[in-house]
Amino acid sequence: MHYFLNNLNINNYRTNSYLIVLVLSCLLLTSYSTQISASSSEDLNYMKKRQKMVQLIEDDVKRTSVYLDKEALDPKVMQAMNTIPRHKFVPEGWRDDAYQNNPLPIGHGQTISQPYIVAIMTDLLKLSEHDKVLEIGTGSGYQAAILANLVDQVYSIEIIEPLGLRAAQLFKQLDYKNISSKVGDGYYGWEEHAPFDAIIVTAAASHIPHLLIEQLKPGGHMMIPVGSHFITQQLLLVTKAEDGHITIRQILPVRFVPLTGDH
Ligand code: SAM
């Protein structure tokens with residue numbers, strides 16, 4: 001009897017334990033699935049906004065086709081614009097506006113560039129998948145992420161330390177293994193990794209830095225806005241021919257924050 005009672009107690013204890021484990025598992029599963037559905041509905045919302053942003057870029061490209069000399073951009077570039085989560089590169093308070101076709105503040109008086117500008121600058125670089133690209137002006141890291149989606153290796157330099165460090169942390173968090181970034185003055189390029197197939201400068205310079213031309217591979221392209229902070233700047237496409245000859249094509253008027261530094 002005693003044995004039987006003990007056995008009963010043990011069985012009750014086991015049944016209770018199973019019940020507790022079952023209830024806890026159900027609770028955990030419910031909260032996990034609520035979290036998943038919350039994050040997937042958020043992702044879906046951003047995805048829809050991103051698709052609209054891509055349409056706006058396509059419209060702007062058509063409207064400015066006389067400057068660009070094309071009616072549409074490379075589908076691979078548009079695919080990257082449709083994939084990279086721009087909302088993760090803007091400060092939290094601006095996330096709802098992340099997919100408007102506008103520049104946005106990122107702190108320290110700097111901006112994340114307008115998506116249309118990011119798309120045309122990327123397109124005009126005529127990138128190939130095994131390219132090595134240098135970006136001057138990491139800022140939020142968004143342009144670097146777009147490039148990283150299209151080429152083998154991206155090097156990016158930011159002069160404002162907190163921005164450079166924040167972007168580096170984000171690249172790590174989002175697992176961009178093909179972006180190397182550093183804090184420094186991009187006016188001098190990144191000699192150690194030169195030459196580059198393409199160079200993109202995302203701040204307005206007063207002239208084209210000669211070291212950047214030197215670090216561009218023959219056959220390579222550079223996009224750079226040139227002009228004063230106070231008057232209209234021109235977005236330039238600089239091409240280095242195989243024989244080293246440089247040609248410059250003026251694309252369209254733009255407005256960028258200035259390229260700073262002691263040079
Ligand atoms: N590409 C950035 C993005 O996707 O967010 C946008 C960059 S914002 C328009 C220009 C950036 O260039 C700023 O973050 C600014 O601090 C940086 N910058 C300005 N002068 C620089 C320099 N000499 N070297 C490196 N970065 C510079």
Side-chain angles (χ1 to χ4, degrees), residues 50 53 57 77 80-81 83-92 94-95 97-125 127 133-151 154-171 174 176 179-194 196 198-212 215 222-229 233 235 254-263:
R50 200 156 50 237
M53 177 192 80
I57 297 171
V77 172
M81 299 298 298
T83 306
I84 304 300
R86 191 172 190 254
H87 63 278
K88 295 197 173 158
F89 292 85
V90 304
E92 262 181 46
W94 289 99
R95 289 206 164 162
D97 301 311
Y99 294 103
Q100 288 175 12
N101 193 15
N102 288 328
L104 291 173
I106 55 170
H108 305 273
Q110 304 305 317
T111 52
I112 176 173
S113 304
Q114 180 189 7
Y116 159 78
I117 292 289
V118 172
I120 64 165
M121 285 177 83
T122 308
D123 177 275
L124 291 164
L125 289 173
L127 301 170
V133 182
L134 173 67
E135 180 195 24
I136 311 302
T138 316
S140 67
Y142 176 67
Q143 172 74 74
I146 294 283
L147 294 167
N149 208 261
L150 297 163
V151 300
V154 178
Y155 294 93
S156 187
I157 309 175
E158 171 56 52
I159 202 163
I160 299 177
E161 190 172 25
L163 288 181
L165 297 181
R166 190 172 69 192
Q169 201 181 351
L170 195 56
F171 297 146
L174 298 178
Y176 284 104
I179 304 178
S180 304
S181 62
K182 71 167 183 179
V183 172
D185 188 346
Y187 181 85
Y188 305 102
W190 201 334
E191 177 67 46
E192 198 185 335
H193 298 291
F196 301 96
I199 298 178
I200 180 167
V201 183
T202 65
S206 58
H207 58 275
I208 305 169
H210 74 96
L211 280 174
L212 295 187
Q215 292 177 21
M222 167 165 39
M223 292 302 300
I224 178 167
V226 171
S228 141
H229 187 38
Q233 306 144 3
L235 183 59
V254 286
R255 197 176 172 89
F256 275 83
V257 292
L259 189 77
T260 57
D262 292 332
H263 44 267

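All ligand and atom numbering here is 1-based and tracks the order in the structure. Position 1 is the first residue of the sequence; numbering continues from there. No experiment lies behind these values; they were computed from the predicted model shown.
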Query raised in the report: Judged by non-hydrogen atoms, does Pro103 sit under 4.0 Å from ligand 1?
Result: no
Requested in this report: Mind running side chain to side chain contact (heavy atoms under 4.5 Å, CB included) on Val201 and Met223 for me, showing each step along the way?
Outcome: CA-CA 6 Å; Val201 183; Met223 292 302 300; over 6 Å; no
Report summary line: Nearest non-hydrogen protein atom to atom 16 (O) of ligand 1, with distance, is Glu158 OE2, 2.6 Å
Query - Min N/O separation Gly137 to ligand 1 under 3.5 Å - result: yes
Requested in this report: Please round to the nearest 0.5 Å and tell me the distance separating atom CD1 of Ile179 and atom OG1 of Thr138.
Outcome: 9.0 Å
Query raised in the report: So, Ser140 side chain and Tyr142 main chain: donor-acceptor pair closer than 3.5 Å or not?
Result: yes
Report summary line: Honestly, for His108 the part within reach of ligand 1 (heavy atoms, under 4.0 Å) is neither
Query raised in the report: Considering only heavy atoms, does Val257 approach ligand 1 within less than 4.0 Å through its side chain, its backbone, both, or neither?
Result: side chain
Query raised in the report: Of all the atoms in ligand 1, which lie at a distance below 4.0 Å from a heavy atom belonging to Gly184?
Result: 24 (N), 25 (C)
Query raised in the report: Quick one: are Phe171 and Ser180 in side-chain contact, heavy atoms under 4.5 Å?
Result: no
Report task. Assess whether side chain to side chain contact (heavy atoms under 4.5 Å, CB included) is satisfied between Met222 and Ile200, documenting all intermediate values. Result -> CA-CA 6 Å; Met222 167 165 39; Ile200 180 167; over 6 Å; no
Requested in this report: Go through ligand 1 atom by atom and flag the ones less than 4.0 Å from a non-hydrogen atom of Ile112.
Outcome: 5 (O)
Query raised in the report: Short N/O distance, under 3.5 Å, between Gly186 and ligand 1?
Result: yes
Report task. Could you list which atoms of ligand 1 come closer than 4.0 Å to a heavy atom of Leu163? Result -> 14 (O)
Query raised in the report: Which is it for Gln143 and ligand 1 at heavy atoms under 4.0 Å: side chain, backbone, both or neither?
Result: both
Query raised in the report: Side chain or backbone of Val118 under 4.0 Å from ligand 1, or both, or neither, by non-hydrogen atoms?
Result: neither
Query raised in the report: Can you say whether the rings of Tyr155 and His193 are parallel (under 30°), tilted (30 to 60°) or perpendicular (over 60°)?
Result: parallel
Report task. Examine distances only and state if a side-chain atom of Gln114 and a backbone atom of Tyr116 form a donor-acceptor pair shorter than 3.5 Å. Result -> no
Query raised in the report: Just by distance, do the side chain of Gln215 and the backbone of Trp190 share a donor-acceptor pair under 3.5 Å?
Result: yes
Requested in this report: Verify the distance criterion only: is there a donor paired with an acceptor across the side chains of Glu135 and Ser156 at less than 3.5 Å?
Outcome: yes
Query raised in the report: So do Val226 and Gln233 actually touch side chain to side chain, heavy atoms under 4.5 Å?
Result: no
**Report entry** Protein heavy-atom partner closest to atom 8 (S) of ligand 1 - residue, atom, separation in Å
**Finding:** Thr111 O, 3.0 Å
Query raised in the report: Out of curiosity, is Thr138 lining ligand 1, as in a heavy atom under 4.0 Å away?
Result: yes
Query raised in the report: Which protein non-hydrogen atom lies closest to atom 15 (C) of ligand 1, naming both residue and atom, and how far is it?
Result: Gln110 OE1, 3.3 Å
Query raised in the report: Is Ser113 in polar range of ligand 1, meaning some N or O pair under 3.5 Å apart?
Result: no
Query raised in the report: Relative to the heavy atoms of Pro258, which atoms of ligand 1 are at a distance of less than 4.0 Å?
Result: 19 (C), 20 (N)
Query raised in the report: Is Ala144 touching ligand 1 with its side chain, its backbone, both, or neither, if touching means heavy atoms under 4.0 Å apart?
Result: neither
Requested in this report: Tell me which protein heavy atom sits closest to atom 10 (C) of ligand 1, plus the residue, atom name and distance to 0.1 Å.
Outcome: Thr202 O, 3.2 Å
Query raised in the report: With a cut-off of 6.0 Å (strictly less than), are more than 12 heavy atoms of other residues, nucleotides or ligands near CZ of Arg95?
Result: yes
Report summary line: Under 4.0 Å from one or more heavy atoms of Ala203, ligand 1 contributes atoms 12 (O), 19 (C)
Query raised in the report: Is the distance between the ring centroids of Tyr187 and His210 under 6.0 Å?
Result: no
Report task. Might you point out which heavy atoms bring Ile146 and Val118 nearest each other, and give the distance in Å? Result -> CG1-CG1, 4.2 Å
**Report entry** Side-chain donor-acceptor contact under 3.5 Å, Tyr99 with His87
**Finding:** yes
**Report entry** For Tyr142, the ligand 1 atoms whose distance to one of its heavy atoms is below 4.0 Å
**Finding:** 4 (O)
Requested in this report: May I ask you to identify the nearest protein heavy atom to atom 26 (N) of ligand 1, giving residue, atom name and distance to one decimal place in Å?
Outcome: Ile159 N, 3.2 Å
Query raised in the report: If you measure from atom 22 (C) of ligand 1 to every heavy atom of Asp262, Ile106, Val201, Leu259, which option wins on shortest distance?
Result: Leu259
Query raised in the report: With a cut-off of 4.0 Å, which atoms of ligand 1 are near a heavy atom of Asp185?
Result: 22 (C), 23 (N), 24 (N)
Query raised in the report: Among protein heavy atoms, which lies nearest atom 3 (C) of ligand 1, and at what distance?
Result: Ser140 OG, 3.4 Å
Report summary line: A student checking ligand 1 against Ile160 at a 4.0 Å heavy-atom cut-off should list atoms 16 (O)
Requested in this report: Please report the shortest heavy-atom distance between Val90 and Ala98, naming the atom on each side.
Outcome: CG2-CB, 4.0 Å
Query raised in the report: Which protein non-hydrogen atom lies closest to atom 20 (N) of ligand 1, naming both residue and atom, and how far is it?
Result: Thr260 N, 2.9 Å
